[in-house]
Amino acid sequence: MRWMISGFLWMVWLGPAAADPAQCGEPVAQYSVRFAGEDRFVIDAEFAAPSQRWDLAHFPTPERPEAQAASVRDLEAFSASGDAVEILYVGEGGWETTAVGGASRLRYTLIADHDQVDWNIGAPGKDEVAAHFDASYVFAGHAFFLLDWDMPRCAVDLSFDLPAGWLVTAPWPEHGEGYRIADSWALGQNMFAMGLDQPQETRTGGLSLSWLMDSRLDTIRPRAVEILDVVPGAYTEFWGEAPGSAYTIFFMSDYMSDGGAFWDSFALRIALPLSAADEISWSHTLGHEVMHLWNSLGKADGENVPDLEWVNEGFTDYLTLKLMSQAGLIEPEMVEQRLANLVRRYVLAGRFSPGVSLREAGHDKSAHWQTVYGGGGLVALLLDAELSRTEPQAFGAALRAMRAEQGEGYSYERFLETLDRLTENRASELVAWIDGRPSNSELVVRFAAAGLDLSLFGFDEAYVRFPACGDARCPPPYLAPGGRP
């Protein structure tokens with residue numbers, strides 16, 4: 001799941017695009033991180049050009065209304081000549097200086113006290129903020145580094161001064177004794193860890209995965225390894241390419257399960273005590289978060305397009321189910337249950353978000369969750385099913401072509417125009433049908449045409465069964481192992 005950082009940063013995300021590396025020259029900023037003991041980190045930042053404002057993520061909770069900003073201490077700002085300049089906290093995770101000419105350097109201490117806060121109340125969870133487990137400190141970059149989101153999106157240098165034996169686990173490319181991050185936003189839009197724990201390495205599907213797991217989750221390690229060994233290859237085969245070369249993953253314990261995806265990394269939190277029932281949930285969440293590395297059709301310049309949030313989440317959820325099913329990672333009975341959950345979620349959306357279209361829902365995802373995930377998932381499912389009647393691989397071919405034509409990103413209109421062209425004008429009709437809130441009986445009829453037996457009762461009961469296939473139930477071709485009956 002992904003949340004808006006703050007009103008200010010939401011506007012920034014729709015602002016400057018990444019710069020052409022050839023136009024950047026020297027790095028626009030240099031950050032150094034020093035561990036000062038007692039859960040304290042000292043951060044120095046120098047900027048090639050002076051700035052007026054810097055921000056952290058802002059996920060307020062009832063117990064911490066100033067959110068991540070409450071962990072910052074002793075913030076100082078300096079001019080290009082080294083003179084101290086005034087810097088003031090202006091709320092919602094932002095600091096500004098009124099000094100003429102701005103500030104060219106910051107120094108501050110960050111206290112790793114985030115585990116004292118329940119980030120699940122009013123915020124997205126610690127998987128998008130910070131955690132401390134075993135001998136590692138894990139942070140979302142936007143909760144650690146004060147960033148000027150308006151500075152040119154060019155390279156940033158990052159160095160660490162850490163105790164002997166400590167490691168940095170991060171997706172950034174190494175450069176000398178530190179890291180050089182090609183796009184300044186990638187400093188904030190990634191997870192990283194510092195500590196004594198050695199990451200586990202997995203190479204599969206064209207990806208090099210580095211991951212850390214909270215030792216309290218050791219008993220689920222075999223299942224996590226199984227998924228990470230299989231899904232990157234399955235996803236790469238479906239999309240026709242790997243999304244990059246290096247990614248980091250962090251598994252942390254919590255009292256509820258969820259996950260957060262970043263540019264080149266993601267975090268998964270898993271509920272304690274561990275249970276077989278919850279494994280069903282976190283296994284899907286892991287597959288879902290990995291799928292985000294491939295499915296970028298609803299993004300522009302690396303950030304989510306609100307009009308296409310139903311593609312970011314609904315398509316991702318369906319593709320996760322489809323490809324994990326085909327890879328044999330989900331039993332047919334559980335696939336049926338997940339399909340029923342998808343339908344139930346969509347039907348409930350008619351109660352929770354009446355009259356809200358797929359396009360509108362993404363502008364407040366938390367309020368219209370069922371529309372984004374349920375409605376978007378149904379579009380993907382039915383489009384796949386209906387295209388598969390004539391060509392079993394047509395849906396994948398259409399998405400691969402969409403990816404090839406994406407450029408800097410799709411608008412809502414261009415997305416549907418392109419998908420229509422690739423699907424014999426099916427996409428717009430299907431989106432309009434979903435937005436029109438078909439009745440239960442209309443859903444049952446359309447599912448039957450897609451090869452699925454659907455039963456609905458009221459707005460909160462849904463059951464899906466695969467048709468008979470010999471002595472057992474068989475998924476339709478687009479869901480079957482190997483993609484065939």
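FYI, the numbering just counts along the sequence from 1.
Relative orientation of the F238 and F395 rings is tilted, given thresholds of 30° and 60° on the angle between their planes. A tilted orientation is assigned to the rings of W172 and F192, their planes being inclined by 30° to 60°. Using cut-offs of 30° and 60° on the angle between ring planes, the pair F47 and W54 is tilted. Ring geometry for Y373 versus H288: interplanar angle under 30°, hence parallel rather than tilted (30 to 60°). Between F139 and H114, the ring planes lie perpendicular to each other; the angle is over 60°, past the 30° to 60° tilted range.
Stacking of R403 on the aromatic ring of W239 is recorded, both the 6.0 Å distance cut-off and the 45° axial limit being met.
Taking the charged nitrogens against the carboxylate oxygens, R359 and E413 do have a contact shorter than 4.0 Å, which makes a salt bridge. Taking a cutoff of 4.0 Å between a charged side-chain nitrogen and a carboxylate oxygen, R64 and D118 do not qualify as a salt bridge. For D460 and R344, the salt-bridge test fails: no basic side-chain N is under 4.0 Å from an acidic carboxylate O. Classification of D150 and R53 as a salt-bridged pair fails, no side-chain N sitting under 4.0 Å from a carboxylate O.
Counting only N and O atoms by type, the side chains of D134 and S215 include a donor and acceptor under 3.5 Å apart. Side-chain atoms of H292 and N312 include no donor-acceptor pair closer than 3.5 Å. When only modelled atom types and interatomic distance are considered, E405 and T418 share no side-chain donor-acceptor pair under 3.5 Å. Checked by atom type, the side-chain pair E66/Y89 shows a donor-acceptor distance below 3.5 Å. For T202 and W211, the side-chain atoms include at least one donor-acceptor pair closer than 3.5 Å. At a cut-off of 3.5 Å, with distance as the only test, a side-chain donor of D254 or N120 sits close to an acceptor on the other residue. Remark: the Q116 side chain and the D113 side chain contain no N/O donor-acceptor pair separated by less than 3.5 Å. Looking only at atom types and distance, the side chain of N341 has no donor-acceptor partner in the side chain of R338 under 3.5 Å away. Using a 3.5 Å distance cut-off with no hydrogens or angles, the side chains of N190 and H142 do not pair a donor with an acceptor. With 3.5 Å as the limit, one finds no donor-acceptor pair spanning the side chains of D157 and Y31. Remark: the S253 side chain and the R216 side chain contain an N/O donor-acceptor pair separated by less than 3.5 Å. Between the side chains of R221 and Q200, a donor-acceptor pair is found at a separation under 3.5 Å. Looking at D364 and S366, their side chains do bring a donor and an acceptor atom within 3.5 Å of each other. The closest side-chain donor-acceptor pair between E303 and W263 falls under 3.5 angstrom.
More than 12 non-hydrogen atoms from other residues, nucleotides or ligands lie less than 6.0 angstrom from CD of E96.
A donor-acceptor pair under 3.5 Å links the side-chain atoms of S265 to the main chain of M191, judged by distance alone.
Atom CG of residue L286 and atom CZ of residue F251 lie 5.0 Å apart, to the nearest 0.5 angstrom.
Judged as a salt bridge (Lys or Arg N to Asp or Glu O under 4.0 Å), and not counting sequence neighbours, D148 has no contacts.
In plain terms, the two heavy atoms of W294 and A242 that are nearest each other are NE1-CA, 4.0 Å.
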Donor-acceptor pairs under 3.5 angstrom involving side-chain atoms of residues 32-39: please list them, not counting sequence neighbours.
{"residue": "D39", "atom": "OD1", "partner": "Y137", "partner atom": "OH", "Å": "2.4"}

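Screening V311, I434, D435 for a side chain to side chain contact (heavy atoms under 4.5 Å, CB included) with V379, the sole residue that qualifies is I434.
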